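Here the structure is laid out as structure tokens; the discussion comes afterwards.
Letters A, B, ... mirror the listed sequences (proteins, then strands); counts begin at 1. Everything numeric in this text was worked out from a predicted model, so none of it was measured. Hydrogens, waters and symmetry mates are skipped; everything else that's a heavy atom, side chains included, is used.
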2 protein chains.
Amino acid sequence: MEFSTIIDAIHQLPEQSKLKLIRSVQEVTFPKGYSLLKAGTVETRIYFIKKGIVRAYASTPDNEITFWFGKEGQAIISMRSYVEELPGYEDIELLEACELYELKTEQLQHLFEEDIHIANWGRKFAEQELIKTEERLIQRQFRTASERYKELLLNHPDLIQRIQLGHIASYLGITQVSLSRIRAELK
Amino acid sequence: MEFSTIIDAIHQLPEQSKLKLIRSVQEVTFPKGYSLLKAGTVETRIYFIKKGIVRAYASTPDNEITFWFGKEGQAIISMRSYVEELPGYEDIELLEACELYELKTEQLQHLFEEDIHIANWGRKFAEQELIKTEERLIQRQFRTASERYKELLLNHPDLIQRIQLGHIASYLGITQVSLSRIRAELK
DNA sequence: TTCATTTTTTATCATTTGTAAAATAAATTG
DNA sequence: CAATTTATTTTACAAATGATAAAAAATGAA
């Protein structure tokens with residue numbers, strides 16, 4: 001997926017501003033399983049996914065929770081590093097070999113201060129992510145685990161194909177055993 | 001709480017830009033129990049809380065989920081109206097008599113297009129809300145209902161005092177009966 | 001205050017989900 | 001290909017939470 005397409009999907013930008021963004025990114029590739037961002041560090045880069053699929057997860061000593069999947073067109077950001085310049089709470093792991101567009105946070109922040117269109121583009125991005133996250137929080141309470149799985153199956157069948165079920169279960173807020181039970185009932 | 005203080009808490013703004021915002025708001029008051037925003041409608045205003053406390057909830061025919069509390073200093077926004085100009089999914093109810101600063105969305109959008117500092121201020125606001133929501137989503141999975149209650153008690157003791165437990169339970173993702181059980185264990 | 005209403009707690013039982021361990025299945029490696 | 005590792009499903013049992021009903025307590029209005 002072209003970077004230009006990714007930009008436009010977030011929010012329409014004037015050609016001049018788009019060019020500034022395009023000139024700021026650099027293509028990089030990483031192998032499957034690569035650990036792109038690590039919790040506890042202040043990340044200085046963000047990425048956009050040209051090709052591949054990744055997961056963000058948070059860990060405690062005895063648990064690990066996948067709370068986000070990213071695929072073609074989406075932005076990979078350690079939110080707390082990006083927003084507050086503090087160590088992030090998430091690890092990001094590549095679930096497939098990935099082609100990414102890399103962008104230095106500092107450079108983006110500079111564009112935010114300099115170009116009002118890019119500032120509003122960045123605002124739109126955060127707002128759209130906010131809505132998605134808020135809706136997930138609400139749906140988690142309204143719907144049973146089984147309903148949430150069926151919905152994922154309906155709306156993102158590709159994720160079920162491309163991602164192992166342990167991660168899907170974690171994303172849905174249940175254990176792998178529970179997900180297995182749910183899948184058995186649907187047969 | 002002064003509107004100027006609320007603005008600064010989100011992100012520092014130059015005096016000029018701050019004045020533009022201040023000139024755009026209007027103080028309003030509503031009684032306890034007032035339904036400020038309604039789900040299914042496109043809201044054209046946002047509010048900042050000078051005094052009082054409110055809750056945002058989403059409803060299905062047989063259920064109602066409180067997913068957000070707002071108190072002094074916070075913004076009341078129907079997210080989907082604000083971001084996508086589509087009907088919102090939340091109702092907002094005043095849990096106390098409130099003094100609010102009212103701002104027309106259209107006017108704010110206009111300031112976003114015109115003043116880069118305000119655009120970045122709006123970006124910061126969305127980003128901060130995004131982090132809070134994402135952290136709640138993660139915590140809901142890491143911690144038991146009991147731990148989540150203790151944490152709320154620790155970090156927001158005022159909410160427990162000012163809000164009835166049915167709403168707190170819903171916010172924590174459990175039933176009121178469950179919350180009552182948890183409270184009984186802590187005695 | 002007293003009465004009516006709302007909120008919170010308590011008790012019981014049903015259901016869901018989690019934990020642990022074993023059995024299968026699938027993928028990877030030499 | 002066989003051997004090994006990794007992922008998924010199945011089973012049995014335990015723990016947490018939900019649903020419902022009813023009692024107790026708190027709140028608010030007259």
query: How would you list, by chain and number, every residue that makes a side-chain contact (heavy atoms from CB on, under 4.5 Å) with B:Thr175, sequence neighbours excluded?
result: B:Val177, B:Ser178
field: side-chain contact (heavy atoms from CB on, under 4.5 Å) partners for A:Pro87, two or more places apart
entry: A:Val42
message: Can you pull out every side-chain hydrogen bond (donor to acceptor under 3.5 Å, both in side chains) where at least one residue sits in residues 105-114 of chain A? Sequence neighbours excluded, please.
response: A:Lys20-A:Glu114
- line: Tracing side-chain contacts under 4.5 Å among Ile, Leu, Val, Met, Phe, Trp and Tyr outward from B:Ile116 reaches A:Ile116
query: At under 4.0 Å between heavy atoms, what does A:Arg181 touch on the DNA or RNA strands: base, sugar-phosphate, or nothing?
result: base
task: Using the test salt bridge (charged side-chain N to carboxylate O under 4.0 Å, His left out), find all partners of B:Arg140 that sit at least two apart in sequence or belong to another chain.
output: none
task: State which residues pass salt bridge (charged side-chain N to carboxylate O under 4.0 Å, His left out) with A:Glu15; sequence neighbours excluded, sorted by chain then number.
output: none
Could you list all N or O pairs between the protein and nucleotides 23-30 of chain D that sit under 3.5 Å apart?
none

field: Ring geometry between B:Tyr89 and B:Phe67 (parallel below 30°, tilted from 30 to 60°, perpendicular above 60°)
entry: tilted
Contacts table for residues 149-157 of chain B: side-chain donor-acceptor under 3.5 angstrom, sequence neighbours left out:
unit_1   : atom_1 : unit_2   : atom_2 : d
B:Tyr149 : OH     : B:Arg183 : NH1    : 2.9
B:Glu151 : OE2    : B:Arg143 : NE     : 2.8
B:Asn155 : ND2    : B:Glu151 : O      : 3.3

statement: Bounded by its outermost nucleotides with an atom under 4.0 Å from a heavy atom of chain A, the footprint on DNA chain C reads C:dT17 to C:dA20
What donor-acceptor contacts under 3.5 angstrom involve side-chain atoms of residues 1-8 of chain B, with partners at least two apart or in another chain?
unit_1 : atom_1 : unit_2  : atom_2 : d
B:Asp8 : OD1    : B:Lys18 : NZ     : 3.2
B:Asp8 : OD2    : B:Lys18 : NZ     : 2.8

query: Listed by chain and number, what are the side chain to side chain donor-acceptor pair (under 3.5 Å) partners of B:Glu135, not counting sequence neighbours?
result: A:Arg80
- request: Give me the residues of residues 148-179 of chain B where at least one heavy atom lies under 4.0 Å from an atom of DNA chain C, by number, or none.
  value: B:Gln164, B:Leu165, B:Gly166, B:Gln176, B:Val177
